[in-house]
> 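Here it is: the structure, laid out below.
Everything quoted here is computed from the prediction, not taken from an experiment.
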Amino acid sequence: MPNGTILLIDDEAMLRQAVARTLELEGYTVLQAPDAHRGLQTLREQADSIGVVLSDVKLPDGRGLDLLPRYKALAPLAEVILMTAYGTIPDGVRAMKEGAFDYLTKGDSDDQLLVVVERAAEKARLQRRVADLEKKVGTQYSFDSMIGHSEALLRARKLAERAAPTDSTVLLEGPTGAGKELFAQAIHQASPRRSKPFVAVNCSAFPKDLLESELFGYKKGAFTGALTDKKGLLEEANGGTLFLDEIGELELNVQAKFLRVLETQQFTKLGDTKPTNVNVRIVAATNRNLRQEAEAGHFRPDLYYRLAVFTVPVPGLNERRDDVPLLAEYFLQFFAGKLRRRLRGLEPEVLEQLRRHDWRGNVRELKNVLERAAILADGDTLTTDDLPAEFHYLPAAPTTDEASDNSLRTLEKRQIRQVLHDTGGNKMEAARQLGIGTKTLYRKIQEYGL
């Protein structure tokens, strides 16, 4: 197995060829250059494949120590090892300070050379892997990765894209399951903070007495059980973005403390007397109307106005029904790959039922429905039989006359239709919810043509 590609730059042809032969026997691909000019040219052309640069310190057209920044600029993910016939401690110290992986003396044993090269190659491989993962994550959570072209989604995306490059606090408003965290991730990835941490916390997932310590951390002895110092999520997100989902769940005393963070980028840990400084951007999300919550006294008005510097309304799936077929196809193929099954698509009847469904759980509910259907599918195409029970009864949409008719008869018809829909056509359960007998329900169904 090849161990990677090494660029060997040395003007002594016999030594260069001997070192190259030693490395090639270990499985490395070795590119050779007799001087700095050709070494830099090779590095410029093949930077993506070169993992280690092994360079002589004294070259006909340059010194390795002076060339080191140029090597690193052309191939930031590569590691540089400098070699010299007469090593000195000051030169070695300078090389390491300027980013060299190691500083070797020519004539050392092949074993020592191979150990250092292998360590450098392994570090280069890890750095490339991390860079690839960061690139993949950046693509996965970018605005371009959002599926859909409905007007409501494009409007929300355009607003979020405008806010992303700034450091302004963003408040994402929308129903549960609409994809607010995906928007938060996209904002982070499109910001100058993309290389720093993105820390997400669901405020409703923590007991209220623990949320404060999770956010701000605490000092040893702050309370019973605080045996060591603990960094809070604010410190974990330092330099990056902290995403607070369901921020409406914060208790009023925690809201006051958090307001200080937004205003001063400072907070005091539990049990501490000195403030802690952070540099963090806040993106918050809520499925509540925080303005009404503030007016009712359940949320601090000053915190609301500080959070709502830039508000993005994230649409629920019922507001973007044109995107349902695209999302359904995407989730189907995602779960087909996960389950190692070949699923070609969905029947037109399935797509129509998905379009007309009342998506109270939004995109998250659609994803769960497609996962279940992918597991149950017998063939290579999803049919209506693969959908959950609630999809087997779809009420007809009300006519224009019905929609404007508020007579008692029409209202009763609408209510029965809706309850039948909510119960998936289960007439016994529908009768129970309506508070009437089953026979009465059957009679009403026949009477109203349901």
> Any donor-acceptor pair under 3.5 Å linking the side-chain atoms of Thr176 with those of Asn287?
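The criterion, which ignores hydrogens and geometry beyond distance, is satisfied for Thr176 and Asn287.
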> Is atom NZ of Lys72 surrounded by more than 12 heavy atoms (other residues, nucleotides or ligands) closer than 6.0 Å?
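Yes.
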> Under a 3.5 Å distance rule, please check whether Lys180 uses its side chain to pair with a backbone N or O of Val314 as donor and acceptor.
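Pair absent, no side-chain N/O of Lys180 close to backbone of Val314.
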> State whether Glu118 and Arg125 are salt-bridged, where the test is any N-O pair (Lys NZ or Arg NE/NH1/NH2 against Asp/Glu carboxylate O) under 4.0 Å.
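A salt bridge is present here (some side-chain N lies under 4.0 Å from a carboxylate O).
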> Before giving the answer on side chain to side chain contact (heavy atoms under 4.5 Å, CB included), spell out for Glu329 and Ile147 the whole-Å C-alpha distance, their side-chain angles and the decisive distance to 0.1 Å.
CA-CA 10 Å; Glu329 291 283 358; Ile147 299 170; over 6 Å; no
> Donor-acceptor check, side chain of Arg288 to backbone of Gly248, threshold 3.5 angstrom: yes or no?
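Side chain of Arg288 to backbone of Gly248, a donor-acceptor pair under 3.5 Å: yes, one is there.
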> Determine whether a donor-acceptor pair (N or O, by modelled atom type, separation under 3.5 Å) exists between the side chain of Gln266 and the backbone of Pro275.
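Answer holds: no.
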> How long is the span from the CZ atom in Arg38 to the CG atom in Leu43, to the nearest 0.5 Å?
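Atom-to-atom, Arg38:CZ and Leu43:CG are 15.5 Å apart.
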> Using a 4.5 Å cut-off on heavy atoms from C-beta on, say whether the side chain of Phe101 contacts that of Arg119.
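Of all side-chain heavy-atom pairs linking Phe101 with Arg119, at least one is under 4.5 Å.
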> Quick check: does any side chain N or O of Asp323 sit under 3.5 Å from a backbone N or O of Ser150, one acting as donor and the other as acceptor?
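Yes; at least one donor-acceptor contact below 3.5 Å.
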> Quick one: pull up CD in Glu212 and CG in Leu250 and give me the separation to the nearest 0.5 Å.
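One finds 10.0 Å between CD of Glu212 and CG of Leu250.
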> Looking at Glu412, is its backbone amide N or carbonyl O close enough to the side chain of Gln415 to form a donor-acceptor pair, meaning the two atoms are under 3.5 Å apart?
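No; zero donor-acceptor contacts below 3.5 Å.
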> I'd like to know if the side chain of Asn362 and the backbone of Leu317 have a donor-acceptor N/O pair within less than 3.5 Å.
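Between the backbone of Leu317 and the side chain of Asn362 there is a qualifying donor-acceptor contact (under 3.5 Å).
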> What heavy-atom pair brings Ala47 and Ala75 nearest, and what distance separates the two atoms?
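Closest pair (atom of Ala47, atom of Ala75, distance): CB-CB, 4.2 Å.
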> Any heavy-atom pair between the side chains of Arg355 and Asp322 that's under 4.5 Å?
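Counting from C-beta outward, Asp322 and Arg355 do come under 4.5 Å.
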> Minimum heavy-atom separation for Ala164 and Ser191, please, with both atom names.
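For Ala164 versus Ser191, the nearest heavy atoms are O-CB, 3.2 Å.
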> Before accepting this row, confirm whether a basic side-chain N of the pair Lys367/Glu371 lies closer than 4.0 Å to the acidic partner's carboxylate O.
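Judged by the 4.0 Å cut-off on N to carboxylate O distance, Lys367 and Glu371 do not form a salt bridge.
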> Side chain to side chain contact (heavy atoms under 4.5 Å, CB included) with Leu242: which of Val261, Leu234, Val278?
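In the set Val261, Leu234, Val278, the residue that makes a side chain to side chain contact (heavy atoms under 4.5 Å, CB included) with Leu242 is Leu234.
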> Can a donor-acceptor pair be found, under 3.5 Å and without considering hydrogens, that links the side chain of Glu79 to the backbone of Ala121?
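No; judged by distance alone, with no hydrogens or angles, the pair does not exist.
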> How close do Phe310 and Arg162 get, counting heavy atoms only, and between which atoms?
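Shortest heavy-atom separation between Phe310 and Arg162 comes out as CZ-CB, 4.4 Å.
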> Does a sphere of radius 6.0 Å around CD in Glu349 hold more than 12 heavy atoms from other residues, nucleotides or ligands, not counting ones at 6.0 Å or beyond?
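Yes - once you tally the heavy atoms of other residues, nucleotides and ligands closer than 6.0 Å, there are more than 12.
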> If you define the side chain from C-beta out and look only at heavy atoms, does anything of Leu40 sit under 4.5 Å from Leu67?
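Counting from C-beta outward, Leu40 and Leu67 do come under 4.5 Å.
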> Assess the residue pair Phe243 and Leu172 against the criterion (side chain to side chain contact (heavy atoms under 4.5 Å, CB included)); give the C-alpha distance rounded to whole Å, side-chain angles, the decisive distance to 0.1 Å, and a yes or no.
CA-CA 10 Å; Phe243 172 54; Leu172 303 170; 4.3 Å; yes
> Keeping His188 on the side-chain end and Lys196 on the backbone end, is there a donor-acceptor pair under 3.5 Å?
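Indeed, once roles are kept as given, a pair shorter than 3.5 Å links the two residues.
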> Between Arg341 and Asp380, does at least one N-O distance fall below 4.0 Å, as a salt bridge requires?
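Judged by the 4.0 Å cut-off on N to carboxylate O distance, Arg341 and Asp380 do not form a salt bridge.
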> Would you say Glu429 and Gln433 are linked by a side-chain donor-acceptor pair, where the criterion is simply a distance under 3.5 Å?
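A donor-acceptor contact under 3.5 Å links the two side chains.
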> Let's go through Leu182 and Val363 carefully: what are the C-alpha distance in whole Å and the side-chain angles of both, what is the deciding distance for side chain to side chain contact (heavy atoms under 4.5 Å, CB included) to 0.1 Å, and is it a yes or a no?
CA-CA 11 Å; Leu182 179 60; Val363 179; over 6 Å; no
> So, for Ala285 and Asp245, which heavy atoms are closest and what is the spacing to 0.1 Å?
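Taking every non-hydrogen atom into account, CB-OD1, 3.5 Å.
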> Heavy-atom distance under 4.5 Å between the side chains of Glu26 and Leu23, does that happen here?
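No, side chains not in contact.
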> Does Asn253 have more than 12 heavy atoms from other residues, nucleotides or ligands lying within 6.0 Å of its CG?
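More than 12 within 6.0 Å, yes.
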> Counting heavy atoms not belonging to Arg70, are there more than 12 under 6.0 Å from its CZ?
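No - once you tally the heavy atoms of other residues, nucleotides and ligands closer than 6.0 Å, there are 12 at most.
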> Less than 4.5 Å apart, any side-chain heavy atom of Asp385 and any of Asp378?
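No - every pair of side-chain heavy atoms lies 4.5 Å or more apart.
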> Is Gln353 close to Leu387 at the side-chain level, that is, under 4.5 Å between some pair of heavy atoms?
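Touching, per the 4.5 Å side-chain cut-off.
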> Among Leu354, Leu370, Leu351, exactly one meets side chain to side chain contact (heavy atoms under 4.5 Å, CB included) together with Leu382. Which residue is that?
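The passing option is Leu370.
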> Is it true that the NZ or CZ of Lys257 lies under 6.0 Å from the centre of Phe216's six-membered ring and within 45 degrees of the ring axis?
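Yes, a cation-pi geometry.
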> So Phe334 and Tyr330, would you call those rings parallel, tilted or perpendicular, with 30° and 60° as cut-offs?
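Phe334 vs Tyr330 ring planes: parallel.
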> Atom CG of Asp229 and atom NZ of Lys219: how far apart are they, to the nearest 0.5 Å?
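Here the rounded value is 4.0 Å.
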> Between Arg281 and Ser168 (side chain of the first, backbone of the second, donor and acceptor by atom type, cut-off under 3.5 Å), is there such a pair?
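Yes; at least one donor-acceptor contact below 3.5 Å.
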> Can you measure from CD (Gln46) to CG (Leu74) and round to the nearest 0.5 angstrom?
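Reported to 0.5 Å precision, the distance equals 12.5 Å.
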> Would you say that Leu244 contacts Phe258 through its side chain, given a criterion of any heavy-atom pair below 4.5 Å between the two side chains?
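Contact flag for Leu244/Phe258 side chains = yes.
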> For a quick test of reading the model, state the closest non-hydrogen atom pair linking Leu366 to Ala328 and the distance between them.
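Heavy-atom minimum between the residues: CD2-N, 4.2 Å.
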> What distance separates Asp272 CG from Lys220 NZ, expressed to the nearest 0.5 Å?
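Asp272 atom CG to Lys220 atom NZ measures 14.5 Å (nearest 0.5 Å).
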> Please report the closest heavy-atom contact between Asn202 and Glu246, naming both atoms and the distance.
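Taking Asn202 first and Glu246 second, the nearest heavy atoms are OD1-CG, 3.8 Å.
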> Quick check for you: to the nearest 0.5 Å, what is the distance between Arg360 atom CZ and Glu365 atom CD?
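CD of Glu365 is found 9.0 Å from CZ of Arg360.
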> Do Leu171 and Tyr304 make a side-chain contact, defined as non-hydrogen atoms from C-beta onward lying under 4.5 Å apart?
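They are in side-chain contact.
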> Assess whether side chain to side chain contact (heavy atoms under 4.5 Å, CB included) is satisfied between Ile6 and Leu31, documenting all intermediate values.
CA-CA 6 Å; Ile6 296 174; Leu31 306 175; over 6 Å; no
